[in-house]
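Presented below is the structure to which this report refers.
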Amino acid sequence: MKPDCLILRFGELTLKGRNRKRFERSVITQIRKVLGAFPDLRYIPEYGRVYVELGGAAYEEASTALQRVFGLASFSPAYHAPMESEAIKEAALRIMQNLPKAPKTFKVNVRRVNKSFPLDSQQMNYLVGGYILEAIPGLQVDVRDPEVELRVEIREDQVLLYAEVIEGAGGFPADTSGKALLMLSGGIDSPVAGWLGMRKGLTIEAIHFHSYPYTSERAKDKVIELAHQLAGYTDSIRLHLVPFTEVQTSIHREYKDNLLVTLIRRAMYRIAEQVADREGLSALVTGESLGQVASQTLPSLNVIGRVVTLPILQPLMMMDKQEIIRIAETIGTFPISILPYEDCCSLFLPPSPSTNPNLQLVERIENSMDFLPELIQKAVEQTETIEIVHGQMKKVPDQHFF
Ligand code: ATP
Ligand code: MG
C-alpha cells in the first residue's frame, strides 16, 4: 500500500502576519525545487500546511528530498479513501497493519469537515477504532498518550488518512535571514556550524584557508566536497579559497612559541572579515566549541575574536562533540570530514599552545611584524572564488580588484 499524498507542516509557529506569509511562500518555493524531479505533483496550500498529491511519484524519494527543506517542521504520508465508512475502515486497518513498527497502543482521531457525511466524528472514532481493535490482536486504545494516532480527515471532497508524522529539518526557509561567511575547515565541526546557520535561514558563503604545499591538493578537494554536501541544502555555495601559506610561514619565521596559534587565528579572522565585507556578508560563522582545544577556551576566544567587528556566530559553542557528530552524520558531512588530510591549523603547532593568551603581549608581537598587514591584504586579493552548484561545479570569473 503506497501513500498517494503528503501533508507538509511549516515550522516556527510563533511567526505572525506578513512574516508568516513570506515564510510559507519561501518554504513552498524550496519544496517545489527539491521535488522538481517529480512533474505530476499537485500542491494544495492551506493554513500552516500544504497537501501534495503525489500522482504516482515515489513516496520514499520525495520523502528523502524533503529532508533538505528548511522551514518544514514535519510531514506525513497520507492515503485517500472513498467517502464511505466501510472503505474508510478498511483503509484505516491497512495503514495500521503497514506501519514501520507495530505499536502497542493507538487512538483514532476523526475530523469531519463535510457535514453531509452521515456519521459524526465521534461515531466514526468508535466505528474505525473498534474495527482495528478487533482485527489486530494485542493492540490497545490509549486516548491520552497513544504510540500512534491515526488521523482521519473527512474533507468536503475527499477523505484522507495518516498515522505517521516524520520530523522535518525545521528552522527558517533558505535565504530569509541575511548572508554570512562560514569559516570552513576540513573538520567535523565547521560544516555542522554552516548547516545550522543555513537552517536558521542564513545564506552561507564559505571561506577556506589552505597552506599549499604544506597542505595537499586533496585537503582542498575535501573542503570542496564538504561545501558540495552543504550545497545540497540550498542550490549553490560560493567558496572562497585563501592562499594562506605566506602569512602562516612568515608569522612562524618570527615567532614559534605558545602564542603562535593565537596569532595565526587572528590573521585568519582578519582575512575572513575583509572577504566578508567585500562580498557584502554581515557575519562570520565558525565551528568553535567552548573548551574543545586551546584556541577555544574563553580567554583564547576573547583575544582572537577581538580582531573583527562583524558578529561571529558560533552555533556549536555550547554543544558536546557527540551532539555535533550526530548532526554531521545526519547531514552527510561526517564521512567526508574524517578523511585524513591535514588542515593548515595543524601546521607549526607549538608544543603547548596557550589557553590563556595575554592580549597586550599578542598585540605587541603583532606590531613587531610590520610585514603582516601587507601579507594579509595580499591573501585577500589572491583569494580564489569557486561556485559550487548542487551536482556540478564552476569557477567564478575573477571579478575582484587585481
Ligand atoms: P573543525 O572540526 O571545524 O575543523 P576544530 O575543532 O578542528 O574544528 P579548529 O581547527 O581550532 O577547530 O578551528 C576552529 C574553527 O576555525 C573551525 O571550526 C573553522 O570554523 C575555523 N577554521 C579552522 N581551520 C580553518 C581553515 N583552514 N579554513 C577556514 N576555517 C578554518
Ligand atoms: Mg579543524
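Read the numbers this way: they start at 1 and go in the same order the structure lists the ligands and their atoms.
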Is ligand 1 under 4.0 Å from a heavy atom in the side chain of [X], in the backbone, in both, or in neither?
{"X": "Ile207", "result": "backbone"}
{"X": "Val223", "result": "neither"}
{"X": "Gln292", "result": "side chain"}
{"X": "Ser190", "result": "both"}

*Set of residues satisfying side chain to side chain donor-acceptor pair (under 3.5 Å) with respect to Thr203, sequence neighbours excluded*: Asp175
*For atom 25 (C) of ligand 1, which of Lys321, Gln314, Met268, His208 has the closest heavy atom?*
Met268
*When you measure from atom 16 (O) of ligand 1 to each heavy atom in Met183, Gln296, Arg265, which option holds the nearest one?*
Arg265
*Tyr233 ring center within less than 6.0 Å of Phe70 ring center*: yes
*Contact check: Thr286 vs ligand 1, nitrogen or oxygen atoms, below 3.5 angstrom*: no
*Could you tell me whether the side chain of Ser289 and the main chain of Met319 form a donor-acceptor pair under 3.5 Å?*
yes
*Spell out, as yes or no, whether a donor-acceptor pair under 3.5 Å connects the side chain of Asn302 to the backbone of Leu298.*
no
*Counting from 1, what ligand 1 atoms have a heavy atom of Ile188 closer than 4.0 Å?*
2 (O)
*Reference residue Phe209; test ring pair (Phe, Tyr, Trp, His ring centres under 6.0 Å); the match among Tyr269, Tyr214, Phe244*: Phe244
